[in-house]
Amino acid sequence: MLGPDGTRHAADGDGIEHERRYVAMLYGRLDERRADTARRLQSVLHDETVGTPQALTERDAAAAMYTDRLATLRAAEHGLAFGRLDTDTGERRYIGRLGLLDEENEYEPLLMDWRAPAAQPFYTATAASPEGMRRRRHLRTRRREVVAVDDEVLDLSDPSASHSTSGLAGEAALMAAVSARRTGRMGDIVATIQSEQDRIIRATPSGVLVVQGGPGTGKTAVALHRAAYLLYTHRDRLARRGVLVVGPNATFLRYIGQVLPSLGETSVVLGTIGQLFPGLDARRAEAPEVAEVKGRVEMAGVIAAAVRDRQQVPRRAVELVVEQQRVRLDRDVANAARSRARRSRRPHNEAKRIFHREAVRLLAEQVARNLAGPGARGLLDAGDLSDIRDELAESRALNRELDALWPTLSPQQLLTDLFADQRRLNSVARRLPAAARERLARRAPGADTPADLCWTPADVPLLDEAAELLGDDGAEARAREAAALREEVLYAQGVLDVLDLEEDLDPELLRATDIVDADRLAERQRVRRYDSTAERAAADREWTYGHVIVDEAQELSAMAWRLIMRRCPTRSMTIVGDIAQTGDLAGAASWQDALGPFVAKRFKLEQLTVNYRTPAEIAVVADDVLSAIDPALDPPRSVRATGVPPRAVPADGALGRTVAAVVAEEAARLADDDAAAGGEGTEGEAPAGRVAVLVPSAWVADLRAQVLPGTGDGSAEPDLDAPVVVLPVSAAKGLEFDAVVLVEPAELVAESPRGLNDLYVAMTRATQRLTVVHGEPLPPVLHRVAE
């Protein structure tokens, strides 16, 4: 063992006391390194001797490196060491979130990273298959204090060998983790990963891996730990291209936001579908039936037709005078130029140059024929034709006419014009039913409307499809480059101004401004600018990632899948979801339907079968809902019980007990139970902790105002750190709470063709208690819920 003084010596007894010191020592070394890192970072950031472009860029690079290191070390506050393996040969391997080496003792390993191959038996070894291990120890910590030690003896010859009937590794530590009070943020499961989860986490990154699992099986946690594992194991490749994690909504991303940093990974790009178009975070609300139309695969054809529709020929000939020569731009000339541009198969904005060039060539020949006169040949040579083409190409009037026939378009302009013009919609979307075309129609947003409120998440795949077809004529990139350069010049000028203010400099000596000006300094700085992979990837629509992870993937529409697949041409993907929880009208009915158009049947399906979240008492009721959705679906096995069955509380308006009043009462009761019990809960019950009120969409604003006064009209993002939150079921996917108040399940079922799926989601968010509040009769599927 390593003692407090850093020397190795034998442990007394079972080694637990020294182990406590060992964990504390690790935190001590961590604090020392953090302080040292902070001092070095401060030195780098405040070095006043920096005065050259190279030194400036070195400072920026060092700052980025140390900032990342500080984030990694802060992550260790979640609990650095959490386990130990004792091998048959007497070796002890301490397992933790990060790997640590003893720099004073020939870099001997102090702590093994959980992702290392040698750490895998911590998750997979059993008494029947010990993998060379004699004992597995789980260390439960509260920040820097070891609060519990759980041992599993894996040697069958030992009388105290572990014989788990549940098949779960580290059952005591696992039960403590899943029964603990929720904090409003998802935590990592690195200390309690189970064998079936570990197999998925460590699977090779090639190809598409689909992880199907019911509520509470740890799908999201597995996906995030897989991201951390892949970055650890394949860092050389993935660090260059990055890893993208796609979630269903912004609330979900905030909920999972601390998991990867707690595992030492801070460079993963997290986003929703509405955030995968650079410069846009689409947040405009939209009716589900409209989003369903936008998600149909037929919309790809509609977008393509809309682009072709903007490639026009004149209805009547346009006559212009260019350099005293008359030219006639008619349908024949425009049609020939358009055909030539389309045959190039280049995107619209790139093909525009071909359209212009071909139209100018045909018109130059027209001018040459007019100059030569009837029957004349050979009077104009190639040089004359070139001069005529140059004159035509420089004509503003002609370019204006050609631009009208083949305009430069942005994706936003294309869709805005399309949705605002019913005639155009009817023309390009003939394959859609008339009712669907009417749903797509909407007024163009006002000029002062923020971009994020002009577009819905369902619009983003359409914008991406349009961007793919339109391409870039270079103007947008040049504008971005010019704006970035202006910022760099201003920054560089500020640096030079500071250097020029030195009053004690010898006037005979050269100043910095005598050697370099702001423009040149900025240009040198830009050439060597250091950006993280995540920053560059998020700003570049055409960036392709090394690996993509999609959570709640069953909700993606056909158009959203087209966007995702463009982000990962290698098809190195982890797809996580549960078909039984599909609530979006454009979502997947099966994984084959969703993925078949892109990979046929070439994807691997893994199944998670154990429900760690939902107590058995709630799971029994939820399983009835699952059976009503599809009798062929197998529910996951719940591993624990609380002794508290779900309860129904009726509202009776005649007695003054409205639904809103009962909901407020129940939410307050569940939240106050925890405070009254001092955080420990009453006998037989765990403390309630975080309470979610899950409601039909139409109820959100009203109930949020009554249950949570002062929180606005319900349009703001909910505060998951609050003791009580009011959410529509669509915003609760992937989340979990200690207690749930489910409001008007009959209305929830009726408000959508996939209402039972939404009910199943709502029933499976609670880790401890479920209360159903209703004014209408309960749906028959909830017959087990007692009032």
Side-chain angles (χ1 to χ4, degrees), residues 246-250 252 271-277 280-307 411-412 414-416 418-419 425 428-442 454-469 548 550-567 573 575-599 697 728-731 733-734 751-755 757-758 761:
V246 181
N249 51 58
F252 176 84
T272 65
I273 289 294
Q275 296 169 335
L276 293 187
F277 195 84
L280 189 64
D281 182 5
R283 293 182 286 113
R284 177 174 171 169
E286 186 166 58
E289 58 270 17
V290 178
E292 185 273 328
V293 174
K294 292 180 178 179
R296 297 181 190 179
V297 71
E298 290 85 359
M299 287 301 298
V302 172
I303 300 300
V307 172
Q412 293 89 333
L414 179 77
L415 289 189
T416 297
L418 176 63
F419 293 154
L425 258 175
V428 304
R430 294 188 184 121
R431 293 187 178 182
L432 293 178
R437 297 197 296 269
E438 291 175 3
R439 289 173 186 167
L440 292 176
R442 73 182 185 204
C454 291
W455 305 101
T456 71
D459 287 325
V460 169
L462 306 185
L463 290 169
D464 196 71
E465 190 79 24
E468 196 74 9
L469 297 173
V548 171
V550 185
D551 203 351
E552 300 294 337
Q554 75 278 354
E555 303 299 331
L556 266 59
S557 68
M559 291 302 296
W561 279 115
R562 290 173 66 89
L563 180 155
I564 292 293
M565 292 298 173
R566 277 194 286 270
R567 299 297 187 270
M573 308 176 77
I575 308 301
V576 180
D578 180 16
I579 294 298
Q581 296 185 61
T582 303
D584 197 297
L585 297 181
S590 72
W591 295 120
Q592 183 60 49
D593 289 346
L595 301 174
F598 310 100
V599 296
S697 299
V729 176
S730 59
K733 289 190 176 179
E751 74 176 357
S752 166
R754 288 181 167 168
N757 301 63
D758 290 338
V761 171

Does a side-chain heavy-atom distance below 4.5 Å link T272 with V460?
-> no
Taking only residues two or more places apart in sequence, or in another chain, which ones meet E555 in a side chain to side chain donor-acceptor pair (under 3.5 Å)?
-> K733
Test side chain to side chain contact (heavy atoms under 4.5 Å, CB included) applied to M565 and L595, step by step = CA-CA 10 Å; M565 292 298 173; L595 301 174; 3.9 Å; yes
For residues F598 and I564, determine if any side-chain heavy atom of one lies less than 4.5 Å from a side-chain heavy atom of the other.
-> no
Check N757 against A580 and note the closest heavy-atom contact, atom names and distance.
-> ND2-O, 2.9 Å
When you look at E465 and R562, which way does the salt bridge (Lys or Arg N to Asp or Glu O under 4.0 Å) test go after all the steps?
-> CA-CA 8 Å; E465 190 79 24; R562 290 173 66 89; 2.7 Å; yes
For the pair D593 (side chain) and A588 (backbone), establish whether a donor and an acceptor sit closer than 3.5 Å, ignoring hydrogens and angles.
-> no
Can you find a heavy atom in the side chain of D584 that is under 4.5 Å from one in the side chain of S557?
-> no
Set of side chain to side chain donor-acceptor pair (under 3.5 Å) partners for R437, sequence neighbours left out = N426
With sequence neighbours excluded, residues passing side-chain contact (heavy atoms from CB on, under 4.5 Å) with A305 = V428
Considering residues at least two apart in sequence or located in another chain, which fulfil the salt bridge (Lys or Arg N to Asp or Glu O under 4.0 Å) criterion with R754?
-> none
Which atom of A594 lies closest to which atom of W561, heavy atoms considered = CB-NE1, 3.5 Å
Listed partners of V297 passing side-chain contact (heavy atoms from CB on, under 4.5 Å), at least two apart | A558
How would you list, by chain and number, every residue that makes a side-chain contact (heavy atoms from CB on, under 4.5 Å) with E286, sequence neighbours excluded?
-> V290, A291, K294, R442, T456, A458
Rounded to the nearest 0.5 Å, the CG atom of L414 sits from the CD1 atom of I303 at a distance of 6.0 Å
C454 side, atom SG; L280 side, atom CG - distance, nearest 0.5 Å | 8.5 Å
Straight-line distance of E552 CD to I575 CD1, nearest 0.5 Å = 12.5 Å
By side chain to side chain donor-acceptor pair (under 3.5 Å), D578 pairs with (sequence neighbours left out) Q212, Q581
Closest contact, heavy atoms only, P411 versus F277 | CG-CZ, 4.0 Å
Residues in salt bridge (Lys or Arg N to Asp or Glu O under 4.0 Å) with D464, at least two apart?
-> R541, R566, R567
What is the minimum heavy-atom distance between L418 and A306, and which atoms define it?
-> CD2-CB, 4.1 Å
Who pairs with D551 by side chain to side chain donor-acceptor pair (under 3.5 Å), at least two apart in sequence or on another chain?
-> T220
How would you list, by chain and number, every residue that makes a side-chain contact (heavy atoms from CB on, under 4.5 Å) with E298, sequence neighbours excluded?
-> R296, L432
If every non-hydrogen atom of M299 is compared with every non-hydrogen atom of V293, which pair is closest and at what distance?
-> CG-O, 3.3 Å
Hey, does D758 have a side-chain heavy atom less than 4.5 Å from the side chain of S752?
-> yes
List the steps and the verdict of side chain to side chain contact (heavy atoms under 4.5 Å, CB included) for D459 and R284.
-> CA-CA 10 Å; D459 287 325; R284 177 174 171 169; 5.8 Å; no
Minimum side-chain heavy-atom gap T416-W455 below 4.5 Å = yes
Starting at CG of L276, measure out to CG of D281 and round the result to the nearest 0.5 Å.
-> 10.0 Å
